[in-house]
Amino acid sequence: MTPYDHKKIEEKWKSHWTEDNIYEAVDFSDKPKKYILAELPYPSGSALHIGHVMRYTLPDVYSRYLRMNGYNVMFPMGWDSFGLPGEHFAIQEGKHPSKLIDETVEYYRESVQRMGYGVDWNREIKTTDPKYYKWTQWLFLKLFKEGLAEYRKMPVWWCDELKSVLADEEVVNTKDGIKVSEKGNYPVERKMFSQWVLKIPQYAEKLIQGLNEVDFPDSIRNAQINWIGKSEGVAIKFKSDDIDFEVFTTRPDTLYGITFMAFAPEHPLIIKFLEKTENKDEVKKYIQKTMNKSDLERQTLKEKTGVELKGIEVEVPLTGKKVPVFIADYVIMDYGTGILMGVPAHDTRDFEFADKFDLEVIKVIEPAIKQDMPFVDEGTVINSGDYNGMNSKDFAKKITEDLEKQGLGKPDVQYNIRDWVFSRQRYWGEPIPLVHLEDGSIKPICDPDNPKEVETYLPLNLPVLEDYTPTEDGSSPLERDQSWINTKIDGKEAKRETSTMPTWAGSCWYYIRYIDAKNDKEFADFEKLKYWLPVDKYFGGAEHTTMHLLYSRFWHKFLYDQKLVPTPEPYQWRLNGGLMLGVDGKKMSKSRGNVVEPMEVVDEYGADALRMTVLFLGPYEDVYPWNPRSITALSKLISTVYSLKDKISEAPATPEAQKVFHKMLKNVTGMIKNLKMNTCVSEFMIFLNSIKSEKEINKDMYLNFIKVLAPFAPFMCEEVWQELNEFKNWDKENSVHIQEWPKFNEKLTKDDVIILPIQVNGKVRSEIEIKADESEEKVKEMVLSDEKIQKYLDGKNPKQVIYVKNRIINIVT
RNA sequence: GCCGUGGUGGUGGAAUGGUAUACACGGAGGUCUCAAAAACCUCUGGGCAAUUAGCCUGUGUGGGUUCGACUCCCACCCACGGCACCA
């Protein structure tokens, strides 16, 4: 008996598989295609970490299963190597990112191979490779050409700790309502900057509608819809003497309840009102005070503040009522028109404001059941002229029509989603391929639709800067390289844009590049895209739900409109993976000392054992603490299977062994399809528990088991497969991983004798042994004559007897 | 507050409306051993009872549908995740 030497065996097969690229995905193969994708890692450590192992193992098992079932499977891998994580790692290590990243990628590739992931290495991509980011820049130029990229001076989130601006999505709320950076939880503040934005709101509707075409879990669908934040309502025209403006509302049915109007302090129309108002100084003072408030103050502010524009009135359309005008800090400038109609009776915030300023409250909707004000649900319309008595929902439609007829309003839709801040004043990113001319105009460095220009001017290489660290004032480190900045376009002096793109840029389209990774004429061949798209199954992290997953859908929809991709959605199906916590049940971190290094685990127990361990934990999407006992159990399982090869014989399997095998095969075949890998592992254990003490094990059965186990424990299974088949030299055609998945025999999965539980009034009281598929009559007869059951019947006839074939019988008395 | 997901032994978790707790971890006892580890075997939801049986109870709480409910319906409680002065 040879003990299982995981180190030697895993190293051997890793080399063979990689050298022969046995997991190659073939373009235009006759086999049906499956594109299985897992989010690409950003290399920012010494190797893959345990989170990656959690994310990649199940998709790998699944794609191996598909490959063995006759599919042309693509399971690619690449490196999201631009961006803050890599740059931070470089600063920390004191090395230049351009050097460090390549070393890091080597380690990552090595650890992916050590885990046994079945990747097609011909399709490997790296977002920092100029051959790759040439096309990232090209895509940006396409967006720019279509008016979806814009340079704008605007308030953006600035994080002093990270020395970087952040997109809305990269800023999160703490429990106390304070805004911090998503990466690292550092405080952020609003600052005015000139930034590049991508107009994702233009695709808001398409991004919502597209969710109906794909198979995403409700949690993800819901989170994206929530983030986009669609509200349907009416834009209503208001008037104050000669000043006209529009207000967005979702509740036109409360029009008769308006008792004031409120403007955001930043609103540009206020200047016009200032000339007329009686308390000009007071108003100016209020605005100044509000604007000077730090974001922190405004965020945590409990009480609403405001000031009345004395002497100014606004006329409410249809009703003709005149109402006072306020400036209030609870009105947000960038939502709707930055103005709201105050209906205190039916809006909690307006109610609070009216209460503080002692304003009139007019109830215009009567709830079915008496309730305190403010009442925000539907009810019966009152105090609204001719409309009284209607249901408020119907009234909303009616008044919208009436407003529209009189030219006083029209249906309108508003979205919460904001323009995506796309530039970063950091070194480690794709340079934005634009130049600024002396007259202030901005030009692309080439026309993306002119192949010759594209060939000449792209990629715009990132210059190698000795000092790449971020600047104190938030300007780009690229400004240190004057020779790079100063350039000429059409003979005119120009300065290059010095901002770079955010981490997200490269990952917006990487799944497209895998399809045609080496194309240097275009970003990808359309025919190949037609074959491979959409991604059939996409695995990733929940943290990307409103970032990468939304951003890449946005780019894809744009590309679809440009007829550059054949499908309206990139990903047909999506599942978010869970997390591995430390032994203590807390988030892994170096300071807590609870980090599990997967490569150390592989050294000690082998990759197969680690793979099985993370699969056995439970469902893919859940969060688990690391259990060091579990790895020993699964490592034992691997050794057990390996040692069983010494027991194989040509003698036919016993009927019992056959039954256990085919049951296991049937169950696993069904479960793996549904990605229930944890119960697959249980099935393996049940099978092994039942046969491991046999003196002899039938060779065919054992080899079929090895095939089924191969996606889970690829190294050990390859070793056993090669040995028992007596393949002397390695030939990729003989790999266990491209063998056909064994078929189970339905007949052999069925028991001949069944222990049938007997219930009396729904409670199990006894059981009898019956032949499988015994007639109902016979079963009933046997059951009713059962001694124990007779006791429960007490001489009476049962009212009803329900027999579920081969499963259960219930006697109702 | 709104939206979503979930709540099963000491722990991770299994269960097309059909014997709840498969499989594993942990625990208890045993075999082997001078001893320990490893390995193997038995037991392991709670309670009553106990040679054997047997009985009661039990999937967050309270109702309902059903011969039968972890599963379906209604109400509530709790945990986690997303959004949030979004008009």
Side-chain angles (χ1 to χ4, degrees), chain A residues 172-173 177 217-231 233-234 247-251 254 261-262 264 298-299 301-304 328-332 334-343 346-350 352-353 376 414-418 542-543 545-546 576 585 612-613 616-619 621-634 636-637 667 670-671 676 678-689 692-693 755-767 788 791 798-813:
Chain A
V172 294
N173 283 333
D218 282 348
S219 55
I220 298 176
R221 253 180 72 88
N222 167 70
Q224 289 206 345
I225 289 173
N226 223 329
W227 181 260
I228 295 166
K230 181 180 179 176
S231 298
V234 194
V247 172
F248 175 74
T249 179
T250 53
R251 295 294 304 274
T254 60
M261 302 299 293
R298 270 179 93 167
Q299 283 162 37
L301 209 66
K302 289 280 174 306
E303 201 148 314
K304 295 179 173 40
D329 65 353
Y330 79 99
V331 187
I332 300 166
D334 22 334
Y335 187 78
T337 56
I339 311 165
L340 64 80
M341 54 183 232
V343 186
H346 304 291
D347 182 285
T348 35
R349 295 146 304 177
D350 295 349
E352 218 180 289
F353 189 78
V376 297
Q414 289 289 327
Y415 301 92
N416 288 349
I417 193 167
R418 304 281 194 274
E543 68 275 21
T545 301
T546 54
N576 285 343
M612 304 265 304
T613 301
F616 186 54
L617 286 170
E621 57 272 42
D622 291 347
V623 178
Y624 306 94
W626 173 252
N627 179 357
R629 302 276 187 168
S630 197
I631 183 89
T632 54
L634 274 306
K636 222 168 77 185
L637 183 145
N667 288 344
M671 287 163 176
K676 295 195 162 249
N678 55 327
T679 52
C680 287
V681 177
S682 299
E683 289 292 330
F684 298 148
M685 288 168 170
I686 293 168
F687 171 68
L688 289 169
N689 287 342
K692 70 182 172 193
S693 48
I755 309 290
L756 187 80
I758 308 171
Q759 292 186 332
V760 178
N761 294 327
K763 281 187 179 164
V764 179
R765 295 301 186 184
S766 182
E767 54 187 30
K788 277 186 210 156
K791 225 171 48 190
K799 278 190 196 141
Q800 203 183 345
V801 179
I802 294 135
Y803 177 52
V804 184
K805 199 176 165 188
N806 295 341
R807 299 220 57 158
I808 202 162
I809 187 158
N810 190 12
I811 299 163
V812 188
T813 61

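The structure presented is a predicted model; accordingly, all values stated were derived computationally and were not measured. Every chain is numbered from 1, with letters handed out A, B, ... down the list of sequences.
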If B:C48 has a Watson-Crick or G-U wobble mate with both distances under 3.5 Å, name it; if not, just say none. B:G54
Does B:C43 pair with anything, Watson-Crick or G-U wobble, both distances under 3.5 Å, and if so, with which nucleotide? B:G27
What is the separation between atom [atom1] on [X] and atom [atom2] on [N], rounded to the nearest whole Å?
X: A:L637; N: B:C25; atom1: CG; atom2: P; value: 10 Å
X: A:N226; N: B:G82; atom1: CG; atom2: P; value: 11 Å
X: A:L688; N: B:A39; atom1: CG; atom2: P; value: 16 Å
X: A:I225; N: B:C3; atom1: CD1; atom2: P; value: 13 Å
X: A:N627; N: B:C25; atom1: CG; atom2: P; value: 9 Å
X: A:Y415; N: B:A87; atom1: OH; atom2: C1'; value: 17 Å
X: A:N173; N: B:G1; atom1: CG; atom2: P; value: 17 Å
X: A:M671; N: B:U16; atom1: CE; atom2: C1'; value: 12 Å

How would you label the contact of [X] with the nucleic acid (heavy atoms, under 4.0 Å): base, sugar-phosphate, or nothing?
X: A:I339; result: base
X: A:N810; result: base
X: A:D218; result: sugar-phosphate
X: A:K636; result: sugar-phosphate
X: A:I686; result: sugar-phosphate
X: A:R807; result: base
X: A:P619; result: sugar-phosphate
X: A:K788; result: sugar-phosphate

Do the ring planes of A:F248 and A:Y335 sit parallel (below 30°), tilted (30 to 60°) or perpendicular (above 60°)?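 A:F248 vs A:Y335 ring planes: perpendicular.
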Name the closest nucleotide to the [X] side chain, picking from [options].
X: A:N222; options: B:A24, B:G4, B:C67; result: B:G4
X: A:N689; options: B:G82, B:C23, B:G18; result: B:C23
X: A:Q800; options: B:A87, B:C67, B:G81; result: B:C67
X: A:Y335; options: B:A87, B:A15, B:C67; result: B:A87
X: A:V804; options: B:G4, B:G12, B:G18; result: B:G18
X: A:Y624; options: B:U16, B:G12, B:A87; result: B:G12
X: A:Q759; options: B:A15, B:A87, B:U19; result: B:U19
X: A:L340; options: B:G13, B:G82, B:A87; result: B:A87
X: A:N678; options: B:G18, B:G13, B:A39; result: B:G13

Relative to its sugar, using the 90° cut-off around 0, the base of B:G13 is anti
For A:K805 and B:G18, is the shortest distance between a side-chain N/O and OP1 or OP2 below 4.0 Å?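 Result: no.
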Under-4.0 Å side-chain N/O to phosphate OP1/OP2 contact, A:K763 with B:U57: yes
Evaluate the side-chain proximity of A:T337 to A:Q414: yes if any heavy-atom separation is below 4.5 Å, no if none is. no
